[in-house]
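From a predicted model like this one, the values you see are computed outputs, not experimental measurements. The chains referred to below are lettered A, B, ... by the order of the sequence lines, with proteins before strands, and numbering in each begins at 1.
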There are 2 protein chains.
Amino acid sequence: MTGLRERKKEATRQALRAAALRLAMERGPENVRVDDIAAAAGVSKRTYNNYFASREDAIVAAVTAEREARVATALADRPAAAGLADAVIDAVVEQYTDPGGQARDALLMITASPALRASYTGTAAMIEGPLAEAITARCPGVDPLTARVLSAAVGAAVKVALQQWLEPTGPPPSPAGLVVPAGSLPDLLRAALAPLVPALEAAGRHS
Amino acid sequence: MTGLRERKKEATRQALRAAALRLAMERGPENVRVDDIAAAAGVSKRTYNNYFASREDAIVAAVTAEREARVATALADRPAAAGLADAVIDAVVEQYTDPGGQARDALLMITASPALRASYTGTAAMIEGPLAEAITARCPGVDPLTARVLSAAVGAAVKVALQQWLEPTGPPPSPAGLVVPAGSLPDLLRAALAPLVPALEAAGRHS
DNA sequence: GCCAATTCTTGCGTGCGCGCAACTTTGCGT
DNA sequence: ACGCAAAGTTGCGCGCACGCAAGAATTGGC
């Protein structure tokens, strides 16, 4: 049952996300005060902070919205015959394949701002809760603590992949081109998740 | 070479930690302003924030100081014959065995304050960097990205264990006593790290 | 010993996060 | 249809994090 209350709430959340992204894109992220976002969404500054805990959250939320839910359903949609490791990896990587829309420009802006980068990598942790539930749903026999740990490990791996992906590539032009050719994000994600495969497989067998 | 500069820096850092802990213990964490800590340590409020990014950091740092370095040396001290998984787990668990000193009282205060709890669990992530270096030092053949991912996974598992350990055990008195008997922290840590053993062993073999 | 370069400290100003206490809106039972 | 309880919004105020630029201290070379 979808009451009026929840619909209004989701509407203002959406309005705040949209306003934050729009203002950040046209003025640059640094020239956007939280009052501006709130005003653009027709709500008070205080209410903004009831929805988002920091100024950057609304901006990145415009890009990462619903990712937690989508990763959960994606995992649930994998064929039950598939191994846990493959199912999890595919479900996660799927969430980070660029749709190529305006999200591309937004991501470009995010990578350009250190504060937004930090917030963006931080969102990787948000998938942990839903992912744990999805894992227990798929493998009912697995220990809840194990599910939580594996989800946290996956979240951490994703975070590492994101950090590596948008690493500053600072002034020292890297001792060798070997370190990482800044490959595509999906490839990087698979590489980062690979070390966890044995742990996921072991847990999947004990389901 | 230990210059005067670094010694002074470490001295003020230590003074800030000590002052923060002392004031928090005698007044309660809520009644300590950051100005008070700075004043007690004989520096300005601005300087405090040059050393610690938040008010809680100094307090928890008084308890967790040097943990990153200690976990690294602990891992290096394990016999080279031991498997990577056992070495890592023992090294990590060792850092969270209560020395029983005044740290006990401090931890009690931390567990009582939600803000401090959050900061404390957050410190688990700080071991990731040194842990990754220690892993590559022990297993030179392992891919740097793998080392980083495994360290992040270990940090995430520790975080989960800490959260579970000082979980609020809210008003709903738990449907069953089964969920967790709030066992000792070392046991909880081993349980949380157990799911990662296959991943660590696999990486250790590819060294 | 002295000087220039690096590094650290400090005050100030701005914006932000959030607790609190009114007030308004929504939900639901009768 | 009415009214009460639950949930949401808003203004206010406090403390905090941090950029910035000026001043003080430490360092290494001479």
Taking atom C1' of D/dG15 as reference, at what distance in whole Å does atom CG of B/N31 sit? 14 Å
Do B/V43 and B/Y51 have side chains that get closer than 4.5 Å, going by heavy atoms? no
Length of the line joining A/E10:CD and D/dG8:P, which is rounded to integer Å: 12 Å
Return yes when atom CD of A/Q102 has more than 12 non-hydrogen atoms of other residues, nucleotides or ligands closer than 6.0 Å, and no otherwise. no
Rounded distance in Å - CD1 (A/I37) to C1' (C/dG15): 12 Å
Kindly say if B/K8 contacts the phosphate of D/dT26, meaning a side-chain N or O under 4.0 Å from OP1 or OP2. yes
Starting from C1' on C/dT25, measure out to CG on A/N50 and report it in whole angstrom. 15 Å
Heavy-atom pair of closest approach, residues A/L196 and A/A153: CD1-O, 3.5 Å
Between protein and nucleotides 16-20 of chain C, what N or O pairs are separated by less than 3.5 Å?
unit_1	atom_1	unit_2	atom_2	d
C/dC16	OP1	A/R33	NH1	3.4
C/dC16	OP1	A/V34	N	3.1
C/dG17	OP1	A/R55	N	2.8
C/dG17	OP2	A/N49	OD1	3.4
C/dG17	O5'	A/A53	O	3.3
C/dG19	N7	A/R46	NH2	2.9
C/dG19	O6	A/R46	NE	2.5

Give a yes/no answer on whether the side chain of A/S44 brings an N or O atom under 4.0 Å of OP1 or OP2 in D/dT10. yes
Taking the side chain as everything from C-beta on, heavy atoms only, tell me whether B/T146 gets closer than 4.5 Å to B/V149. no
Would you indicate whether A/E26, at its atom CD, is surrounded by more than 12 heavy atoms from other residues, nucleotides or ligands within a distance under 6.0 Å? yes
Atom-to-atom span, CG of A/L4 to C1' of C/dC28 - whole angstrom: 14 Å
Minimum-distance nucleotide (side-chain atoms of A/R5 versus D/dT10, D/dT26, C/dG27): C/dG27
Those residues of residues 12-25 of chain B lying under 4.0 Å from DNA chain C by at least one heavy atom: none
Side-chain donor/acceptor of B/R55 to backbone N/O of B/V32, under 3.5 Å: yes
Mind jotting down which residue pairs meet the side chain to side chain donor-acceptor pair (under 3.5 Å) criterion with at least one end in residues 187-198 of chain A? Sequence neighbours excluded, please. A/D90-A/R190, A/S184-A/D187
Side chain to side chain donor-acceptor pair (under 3.5 Å) partners for B/Q14, two or more places apart: B/R17
Heavy-atom distance under 4.5 Å between the side chains of A/T97 and A/L185, does that happen here? no
Could you state the atom-to-atom distance from CD of B/E6 to C1' of D/dA25 in whole Å? 15 Å
Estimate the overall bend of the helix from C/dG1-D/dC30 to C/dT30-D/dA1 from the end axes over five pairs each, rounded to 10 degrees. 30°
Atom-pair distance (CD on A/E30; P on C/dT14), nearest Å: 17 Å
In the structure I gave you, are the side-chain heavy atoms of A/T111 and A/Y120 within less than 4.5 Å of one another anywhere? no
In whole angstrom, what separates B/R7's CZ from C/dC8's C1'? 16 Å
Any salt bridge (Lys or Arg N to Asp or Glu O under 4.0 Å) pairs touching residues 94-108 of chain B, not counting sequence neighbours? B/R78-B/E94, B/D98-B/R104
